[in-house]
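Structure, as structure tokens:
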Amino acid sequence: MENKTKSGRIIAVMLAILVVILAFVLFFTMNTERINEQNAKYLQGSTEQSARRIDEWMTDSQTKVQLLASMYEATLASADDASVEGLMTLAASLNFDYVAFSEKGGLTYDDRGQEGDASDREYYTQGIEGESGVCATDDSLFYGDLSVIFYTPLYFDGEVVGVVTGAYREDSMENFLATYFFGEQTSTYLCARDGVVVAHSSTSFSDVGYAQDLYFEESTTSDITRADLEAAFHNGTSITFDYKGNAGSGMAYVMQLPSYDWMLMRTFPSSITDGMMSRASFAGLVFAGLVGLALAGVGTFFLVQTMRQRKKLLSESEHATGIVNSSLALFQRFAVIDMANNTYEYLKDEGIKDDLPRHGEYNMFRYYWQMRFADPEEAERMKEMLTPEYIQAHLTEDVSYLHLEYRLVDPETGEVSWNQASMLPLVRDASGVVQSVLMSVQDVTDVKEREIANHNALEDAFREAERASKAKSDFLNSMSHDIRTPMNSIMGLTAIATMYLDDPERVKDCLTKITTSSRHLLGLINEVLDMAKIESGNLGLSEEDFDLPETVESLLSIMTPQINDKHLDLKVEIADIQHEHVVGDPMRLQQVFVNIMGNSVKFTPEGGTVSLRIKELPSRIKGSGCYEFTFSDTGCGMSEDFVKKVFEPFSRANDSRVTKVEGTGLGMSIVRSVVNLMNGTIDVQSKLGEGTTFTVTVYMKLREGDDHDLSSFQGLRVLVADDEEDAAEGACEVLKSVGMDPDYVLSGEEAVEAVRRAVEEARDYVAIILDWKMPGKSGIEAAREIREIVADDLPIIILSAYDWTAVEQEARSVGVDAFISKPLFRSRLIHVMKGLLDDEQEEAASELEMLQQTDFSGHRVLLTEDNSIAAAIALDIMGMTGLEVDHAENGRIAVEKLLDAEPGHYDFVFMDIQMPVMNGYEAASAIRAAAQGRGLDDTTIDPRPDLGEIPIVALTADAFADDVARARAAGMNAHMSKPMEIDLLVKTLKEWL
């Protein structure tokens with residue numbers, strides 16, 4: 001009997017072990033099938049999503065290339081204008097690895113200056129025939145690597161004149177196609193229809209050139225044959241197959257891009273699947289072992305645990321029932337989800353159509369809602385969160401509920417709503433794993449939208465406040481840097497004028513330069529006062545007529561004192577300047593020049609050289625000139641790392657040679673911003689210890705200059721002496737442009753010999769132009785010897801970039817007649833030559849002479865000005881012209897004076913703006929209203945038609961563009977800014993009187 005009992009126990013144990021083994025085998029088999037099925041779906045879904053993304057990227061890239069060609073086509077003046085330089089300016093904002101342009105014939109340039117012949121390339125032959133598209137090559141023209149190239153023809157007047165291309169190189173394609181499954185990188189291939197690999201996801205798979213050969217072996221277990229795979233590529237159909245090759249083994253999925261004749265192939269390596277199966281098998285083994293070890297004490301343990309769990313589940317059930325009963329009216333839907341039996345049942349199903357039953361399989365429940373989530377990403381997230389595994393893993397014994405937030409879209413109306421679902425456990429098994437839950441759903445769209453709106457509003461307010469604060473700080477700090485330079489010039493020139501009070505010419509020159517620097521300083525102050533620009537952080541450009549020579553002379557007037565203080569050598573030259581009269585913003589342009597040359601002076605040691613070269617380049621913009629300004633120095637230079645960030649705000653080199661130099665580090669950032677506003681470019685080249693070169697290229701509109709009669713200059717011989725051959729040749733080119741016959745020499749000694757030889761050969765020069773500073777014999781010394789050879793009426797002119805007043809007295813004493821500042825502009829040369837060679841040429845009148853020569857006797861004007869000092873100055877200046885001037889202290893008094901006076905008593909009104917009682921805008925409006933019979937304080941008066949015609953000109957410190965517009969809107973005829981400029985005053989009076 002005992003043996004039978006023992007045998008029965010052994011049989012029972014063996015049966016138990018057999019059941020465990022069979023259960024494990026069954027678990028492993030089902031788990032393998034499930035994992036393979038899930039991975040296949042995951043691979044297919046991932047590939048389809050990537051195909052859509054790649055399709056959109058290719059369409060976007062093609063659009064960019066076509067837009068680039070269209071924009072460039074609009075700038076062409078002729079078919080010959082088509083070249084890479086203009087195109088690259090437009091292409092700077094695109095994100096291609098490189099952009100190229102192919103001319104007819106195949107000559108191709110890329111945006112890095114490389115050249116090649118693309119006549120045998122597919123994109124050239126297709127593009128030159130007028131087609132747009134995309135192609136791939138494993139041997140790109142300039143880099144010899146794999147590239148995907150988007151191309152489109154460039155037209156002019158309906159004719160193809162070239163091909164524009166944008167390309168992505170191998171590295172970019174690798175990054176773009178890179179894909180990771182569960183932390184492991186997998187291979188993705190972009191293939192042609194014949195299976196040739198166009199691009200791949202990383203270098204580790206770069207040896208795959210043909211998809212069918214390397215990723216298919218008929219010896220594998222796949223039901224797909226090689227013929228099936230080749231047919232799928234040929235027909236552009238989707239297919240899943242097993243692969244085995246040099247890059248490993250696994251599962252692959254192929255599909256065609258939606259809009260292109262290319263295929264996308266992605267693999268799911270078997271290493272990932274094996275890992276998932278290994279983990280599942282290990283979990284099964286561990287579970288089986290634990291079951292076997294726990295058989296001995298499971299009875300007692302489960303009995304106690306079941307009693308405790310039953311009490312807890314009963315409590316949770318009562319709690320859930322209470323929530324359901326009390327919240328039935330608050331929530332839209334309630335459902336009981338039984339994960340153990342894979343079922344669901346709705347207790348309340350508000351908002352659900354008849355297409356979802358009140359109860360059924362949980363898989364159907366999940367699929368129904370998965371199709372209604374707002375976007376694929378949300379659907380993928382919620383697909384995972386609604387799985388029994390996720391719910392059981394997160395709804396542990398320590399967690400009493402789960403919250404899920406998601407968006408649903410109504411398939412009929414397209415409206416999107418926010419929903420919040422809560423899951424509470426109803427039943428747990430003996431081990432505490434939840435088996436069924438109560439799911440309650442509430443529409444929280446209103447709350448969520450308010451929450452998002454408040455969050456966005458706070459973020460916008462924070463960013464706006466931060467940006468405004470930074471813009472103010474940057475702008476005000478930059479002004480401290482810019483204001484210092486003209487202020488130093490004013491203080492230095494004032495000190496010089498004080499020391500030469502007995503020399504009127506020297507004082508006059510200092511005052512002229514002080515005026516120049518003061519105007520520059522006034523422009524900077526105007527920027528500080530423009531609060532709109534401080535708030536926005538943006539600087540605008542004005543458009544006014546100006547002359548390049550005046551701007552350059554102003555720059556040299558500001559910078560020369562600093563250059564002299566450091567004993568630097570200044571070199572200034574021009575090359576082929578055809579247009580000196582332009583339209584633009586001279587203040588902004590001078591701001592750029594002062595910043596760059598100021599840095600050159602600051603960082604160049606004593607004895608060094610600072611150079612400026614001005615050149616006019618061929619312009620591709622009709623009606624505009626292209627000007628290149630090159631600033632060079634022999635200073636301390638910059639490192640390669642600092643050159644890359646020299647235009648960043650607050651950037652300063654970490655170098656002991658520059659740390660003691662004052663500056664905010666904002667100057668070059670301002671320079672780049674201004675140059676960008678001018679549609680220009682700025683480049684920098686520098687080397688430590690050797691110096692720096694900045695090249696600024698800007699476009700400015702052209703205007704007609706003054707026409708001069710140059711017939712008297714034709715064939716006249718002129719001698720130029722300059723120790724720099726480039727400068728001498730440049731001066732000769734300018735002389736030739738006005739019809740003269742120039743010669744040049746490179747020293748003072750040669751100049752004396754050339755003059756002596758000309759006199760002996762009876763081929764006299766009509767003028768001599770000498771550089772001031774030449775090695776050996778200076779211009780002054782050469783002039784002394786030349787004056788002994790030639791007659792006193794032969795003009796001798798000194799040419800220099802330095803201050804003329806320093807040597808004027810000595811130069812006059814040796815027979816020098818005039819001075820021309822470097823660089824030698826055509827207009828300046830004509831002015832000086834006419835003054836020396838034409839007897840009828842008159843010297844420009846001074847401001848005092850201008851007032852004394854103007855006679856406005858018999859005219860009466862009304863000056864409206866509340867500041868007594870400003871009024872006194874204006875009365876004195878206007879009185880010099882013969883005007884009779886009446887003064888009104890504010891706008892109301894001015895209107896009363898006009899109303900009390902007889903029609904025609906006043907011929908003109910100057911109107912200040914900021915005044916007490918009634919400002920200038922209100923006064924101008926009241927004057928114009930009087931013409932219609934409306935008096936002050938809306939009283940009715942007899943119409944005064946003369947007050948509708950009388951000229952009113954604003955004379956005010958409100959000098960910005962919006963101030964001018966507001967003055968005209970109030971009825972004023974013109975606008976003059978303070979301080980009063982004499983020439984503008986005379987011009988305005990002549991125009992209206």
Side-chain angles (χ1 to χ4, degrees), residues 522-523 525-536 540 542-544 860-875 877-878 883 885-901 903 905-981 984-985 987-989 991-993:
L522 179 62
I525 293 173
N526 286 341
E527 296 299 341
V528 176
L529 297 177
D530 191 345
M531 296 307 297
K533 294 176 183 176
I534 295 177
E535 289 294 338
S536 66
S542 65
E543 284 201 359
E544 56 184 275
R860 183 184 298 275
V861 302
L862 177 61
L863 173 67
T864 311
E865 173 63 66
D866 65 309
N867 185 283
S868 58
I869 297 177
I873 294 172
L875 289 170
I877 292 175
M878 294 179 187
L883 284 172
V885 187
D886 288 348
H887 176 219
E889 289 79 8
N890 59 59
R892 188 177 184 88
I893 295 176
V895 176
E896 291 173 347
K897 281 181 175 286
L898 289 168
L899 292 175
D900 293 342
H905 180 74
Y906 291 107
D907 302 301
F908 197 93
V909 178
F910 281 110
M911 183 68 68
D912 189 19
I913 298 300
Q914 302 296 337
M915 295 181 294
V917 184
M918 178 180 285
N919 64 38
Y921 300 128
E922 297 168 340
S925 298
I927 293 170
R928 298 309 187 199
Q932 308 299 323
R934 192 168 70 250
L936 290 170
D937 303 322
D938 288 332
T939 57
T940 301
I941 61 173
D942 294 333
R944 289 284 301 271
D946 61 304
L947 297 185
E949 302 294 333
I950 187 171
I952 305 175
V953 175
L955 181 59
T956 173
D958 295 342
F960 300 121
D962 53 347
D963 299 321
V964 177
R966 188 176 177 186
R968 292 190 179 277
M972 302 190 200
N973 301 86
H975 184 283
M976 291 176 55
S977 61
K978 295 179 181 178
M980 184 189 301
E981 296 184 12
L984 182 58
L985 171 66
K987 179 182 177 181
T988 302
L989 290 171
E991 179 180 357
W992 295 103
L993 297 181

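In this text the structure is predicted, and so the values were computed from the model without any measurement. Heavy atoms only: backbone and side chains are in, while hydrogens, waters and symmetry mates are out. One is the number of the first residue; the rest follow in order along the sequence.
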Discussion item. Determine whether a donor-acceptor pair (N or O, by modelled atom type, separation under 3.5 Å) exists between the side chain of His887 and the backbone of Glu865.
Written reply: yes
Response to the item:
Rounded to the nearest 0.5 Å, the CG atom of Leu898 sits from the CD1 atom of Ile952 at a distance of 7.5 Å
Worksheet, complete the sentence: In terms of heavy-atom contacts, Ala954 and Ile913 come closest through CB-CD1, 4.3 Å
Worksheet item: Quick one: are Phe910 and Leu985 in side-chain contact, heavy atoms under 4.5 Å?
Response: yes
Worksheet item: Looking only at atom types and distance, does a side-chain atom of Asn919 sit under 3.5 Å from a main-chain N or O of Tyr921, one as donor and one as acceptor?
Response: yes
Discussion item. Between Lys897 and Asp886, does any side-chain N to carboxylate O distance fall below 4.0 Å?
Written reply: no
Discussion item. Test ring pair (Phe, Tyr, Trp, His ring centres under 6.0 Å) on Phe908 and Tyr906; report intermediate values, then the result.
Written reply: CA-CA 6 Å; Phe908 197 93; Tyr906 291 107; over 10 Å; no
Worksheet item: Out of curiosity, Leu955 CG to Met976 CE, how far, rounded to the nearest 0.5 Å?
Response: 5.5 Å
Under 3.5 Å, side-chain donor or acceptor atoms of residues 927-934 against the rest of the protein: list the pairs with distances, not counting sequence neighbours.
residue: Arg928; atom: NE; partner: Gly971; partner atom: O; Å: 2.9
residue: Arg928; atom: NH1; partner: Leu947; partner atom: O; Å: 2.9
residue: Arg928; atom: NH1; partner: Gly948; partner atom: O; Å: 3.4
residue: Arg928; atom: NH1; partner: Ile950; partner atom: O; Å: 3.0
residue: Arg928; atom: NH2; partner: Ile950; partner atom: O; Å: 3.0
residue: Arg928; atom: NH2; partner: Gly971; partner atom: O; Å: 3.0
residue: Arg928; atom: NH2; partner: Asn973; partner atom: OD1; Å: 2.9

Worksheet item: Would you call Lys987 and Glu991 a salt bridge, using N to O less than 4.0 angstrom?
Response: no
Worksheet item: Of the non-hydrogen atoms in Thr939 and Leu936, which two are nearest, and what is the gap between them?
Response: OG1-O, 2.9 Å
Discussion item. Between Asp866 and Met915 (side chain of the first, backbone of the second, donor and acceptor by atom type, cut-off under 3.5 Å), is there such a pair?
Written reply: no
Worksheet item: Can you name the nearest heavy-atom pair linking Ala874 to Leu863, along with the distance?
Response: CB-CD2, 3.7 Å
Practice prompt. Would you check if there is a donor-acceptor pair between the side chains of Arg968 and His975 at a distance under 3.5 Å?
Written response: no
Response to the item:
Nearest heavy-atom contact between Thr864 and Ala894 is OG1-CB, 3.4 Å
Practice prompt. Quick one: do Asp912 and Asn867 satisfy side chain to side chain contact (heavy atoms under 4.5 Å, CB included)? Show the steps, please.
Written response: CA-CA 10 Å; Asp912 189 19; Asn867 185 283; over 6 Å; no
